[in-house]
Number of protein chains: 2
Amino acid sequence: MAGIKDVARAAGVSVSTVSYVLSNKRSISAETTRRVMDAIRELDYTPDASAQKMRGVRNSIIALSMPIRGDINLAKYNAYFLRTAWEAKNADYDVLLLTGEDMVGDIQRVTRSNLVDGVVLMDIEEDDERAAKAATYAKPTVAVGYPLSHDGCACIDIDFVQVGCQAADYLYDRGHRNVILLRDNEHDYERRSGYVVMFHESMMDRAEELGMSVLEFSKTDLARFDAVEFVHEMFSDGGMATAIISQAPASVLDHVLKEMQVRGIRVPEDVSVLSCGTFLEGEFMTRPVTEIPVMPELLAHKAVSLLVDSIEGGKSIAGMVDLVSPVIQERGSVMDLTAEGGRGSR
Amino acid sequence: MAGIKDVARAAGVSVSTVSYVLSNKRSISAETTRRVMDAIRELDYTPDASAQKMRGVRNSIIALSMPIRGDINLAKYNAYFLRTAWEAKNADYDVLLLTGEDMVGDIQRVTRSNLVDGVVLMDIEEDDERAAKAATYAKPTVAVGYPLSHDGCACIDIDFVQVGCQAADYLYDRGHRNVILLRDNEHDYERRSGYVVMFHESMMDRAEELGMSVLEFSKTDLARFDAVEFVHEMFSDGGMATAIISQAPASVLDHVLKEMQVRGIRVPEDVSVLSCGTFLEGEFMTRPVTEIPVMPELLAHKAVSLLVDSIEGGKSIAGMVDLVSPVIQERGSVMDLTAEGGRGSR
DNA sequence: TTGTAAGCGTTATCAG
DNA sequence: CTGATAACGCTTACAA
């Protein structure tokens, strides 16, 4: 590989001149510039990244920490992951993927060795070790999520307490008093995956305040989920529920929709459906479902922007928290029971 | 950040001693080792990656080039991607993600600047620019796929010509003479995504040789796909077909299975189903489907192993091709029409 | 067993 | 406008 010296020799100038031609940090005669550029092209010269970094040039790499578990919700996962990669690229940063078992160790290694300039933490749990140890990373860190312990990093997330309240209020306002909750993957509950739990608690609290009754259905482990059983139980157990709140992934929810369709149960005329903390966009659904979605594009954008600002501005972002207000997407699957005539809400 | 000099000072030794303690390249007294290790722990010292690299130490990073299109089959995509990341990690390499528009430019940049030690190309098309320009990359490159032009890189893929023959033979041997082909996403055909096209051509050729009739159904664009129409057309158009060969993703195929179930069409008694070049494992299907699957684990493993060997052994792998023989996964969805009594094949 | 010093490929400072 | 050179943090001959 040709180095800067080779270029200098070929162009008949000094190495510093070559460097300055590339960096535009001092004025160079047109003639010299031309000769140098020719030599660069001729030799296919690309500056060595390590040498540049040793001289203080940023390498523009951010680490993306994403645990790979067997039970992840791929669609949602991907939406966040791909969008974060896209935002990074857009800000002219490369992405170094950290997926191993020893997440904390890996992050410490890549930050302390100056391999990366910053860190994004994805798929955050309530007790997230990566976030808890963020103070030991040598570079600014932002978590997409809201872990309990987060002194060392910034946090960007949807305000899931608000999502819970909004969900309860939304249904209450439309006359629903008995709802059934189709829980997310139980693994996520066991792991206390941050948002899943926060939404759940907030929604249940709010429902109780309002005097709504919430029946929980939890067999949403994908491998074991049985839509037939769910629909059966839902309508056999007193048959009081007028609405379903779903945390389940698209495929599971769609099975429920299908099963109801088969049984002649209409949405929203017979039962309303509201999906919360999900990402149904682009999924193949039997019918559109009103949703309080997660917002991968927005969160990824905020996370990367904040991180890049910190990297380039040198300001610390440790401890910062930005909780975004949820936005409900009306898709006509919730019935307004208080409306005259009993027509759908949309 | 503490450097090697700080450690040396704290331990009361020279910098070379610290370096040798870390690298074990010469014997150090127990006492000195202890003092140095203490200082390292005390100061949280981690060697600077750039400085090491400048001295010829490998940085153990491979670039993973994966285009992000709107229409990718996420499940399959992920299986490859996650597995490749896992294999890399397992071989002690970090992964630098390249997802941008200017894939060739990015690969040239990260290889020539010595940022990475090798490159893996994913989601290869028949005319793949990345593979065609592989000779211009400064590091060994392996493509997971089989592009037309591949002089500059190694190729690892399933032998899709064999898959096509196997599919036709498998059904022919079991007495099927009229089959319907549920094509993959049309985008993949338009783009001439390598394997999709190779399978298709090979299967059609073989079917013709055998005198089988193949009816093609191509509305498998996820957004527009209509299982009802498909099943209707399949059984109205003469109703001759005894089997479906599917290239479609799990969700699309499952819709078809559901629609047939609703209509009382039994699998495999009334119609057989064979899925080819897909990755149904872990997908939620109405019933198991016999499959000639892609093999993400195997291909990722082979690709990373080959690449790492080349990096560490210094041997060129340009032009190498490794086509893996397909393995059929029997899951009882294909009926053996030649068997006495007409029972299912499994 | 340990220390000294050269040098990796850049950038920036200081002279011209 | 351009050139020589120190310095970045580390590894590794070469000396002791």
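In what follows, chains carry the letters A, B, and so on, assigned in the order in which the sequence lines appear, proteins first and then strands, with residues in each chain numbered from 1.
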Quiz prompt | Donor-acceptor contact present, side-chain B:Asp117 to main-chain B:Ile61, <3.5 Å | solution = yes
Quiz item: Given C:dG3, is OP1 or OP2 found less than 4.0 Å from the side-chain N or O atoms of B:Thr17?
Solution: yes
Self-check item: Aromatic contact, A:Tyr77 with A:Phe279 (centres under 6.0 Å)
Solution: no
Self-check item: B:Asp48 CG to D:dC8 C1', straight-line distance once rounded to whole Å
Solution: 9 Å
Exercise. Please determine if a side-chain N or O atom of A:Ser16 lies less than 4.0 Å away from the OP1 or OP2 oxygen of C:dT11.
Key: no
Quiz item: When the distance from OH of B:Tyr20 to C1' of C:dT1 is rounded to whole Å, what number comes out?
Solution: 12 Å
Quiz item: Expressed in angstrom and rounded to an integer, what is the separation of B:Lys5 atom NZ from C:dG3 atom P?
Solution: 16 Å
Self-check item: Phosphate OP1/OP2 of D:dT2: any A:Thr32 side-chain N/O under 4.0 Å
Solution: yes
Self-check item: Atom pair distance, as rounded to whole Å: CD1 in B:Ile4 and C1' in D:dC8
Solution: 14 Å
Quiz prompt | Atom pair distance, as rounded to whole Å: CG in A:Asn114 and C1' in D:dC8 | solution = 11 Å
Quiz item: Does the side chain of A:Ser23 get closer than 4.0 angstrom to OP1 or OP2 of C:dT11 through an N or O atom?
Solution: no
Quiz prompt | Distance in angstrom units between B:Glu31 CD and C:dT1 P, rounded | solution = 13 Å
Quiz prompt | A:Ser19 vs C:dT11: side-chain N/O to OP1/OP2 distance below 4.0 Å | solution = yes
Quiz prompt | Nearest-neighbour nucleotide for the A:Val57 side chain, C:dT11, D:dG9, D:dG3 considered | solution = C:dT11
Quiz item: Is the distance from OP1 or OP2 of C:dT10 to the nearest side-chain N or O of A:Tyr45 less than 4.0 Å?
Solution: yes
Quiz item: Counting side-chain heavy atoms from CB outward, which of C:dT11, C:dA5, D:dT2 is closest to A:Ile28?
Solution: D:dT2
Practice problem: Report which part of the nucleic acid A:Lys25 touches: base, sugar-phosphate, or nothing (heavy-atom distance under 4.0 Å, all strands). | Solution: sugar-phosphate
Quiz item: Would you say B:Thr33's side chain and B:Ser29's backbone share a donor-acceptor pair under 3.5 angstrom?
Solution: yes
Quiz item: With a 3.5 Å cut-off and just heavy-atom distances, do the side chain of A:Arg55 and the base of D:dA7 make a donor-acceptor pair?
Solution: yes
Quiz item: A:Arg26 or A:Val18: which one's nearest nucleotide on DNA chain C is closer to the 5' end?
Solution: A:Val18
Exercise. State which residues pass salt bridge (Lys or Arg N to Asp or Glu O under 4.0 Å) with B:Lys133; sequence neighbours excluded, sorted by chain then number.
Key: B:Glu129
Exercise. Rounded to the nearest 0.5 Å, what's the gap from CD1 on A:Ile28 to OG1 on A:Thr32? Could you check?
Key: 6.5 Å
Quiz item: Does a side-chain N or O from B:Gln52 land closer than 4.0 Å to OP1 or OP2 of D:dG9, or not?
Solution: no
Quiz item: Does any N or O in the side chain of B:Thr111 come within less than 3.5 Å of the main-chain N or O of B:Ile107, such that one atom is a donor and the other an acceptor?
Solution: yes
Quiz item: Over how many whole Å does the gap from B:Ile40 atom CD1 to D:dC10 atom P extend?
Solution: 11 Å
Quiz item: Is the distance from OP1 or OP2 of D:dC1 to the nearest side-chain N or O of A:Ser27 less than 4.0 Å?
Solution: yes
Exercise. Write down the distance between CE (B:Met1) and P (D:dC10), rounded to a whole number of angstrom.
Key: 11 Å
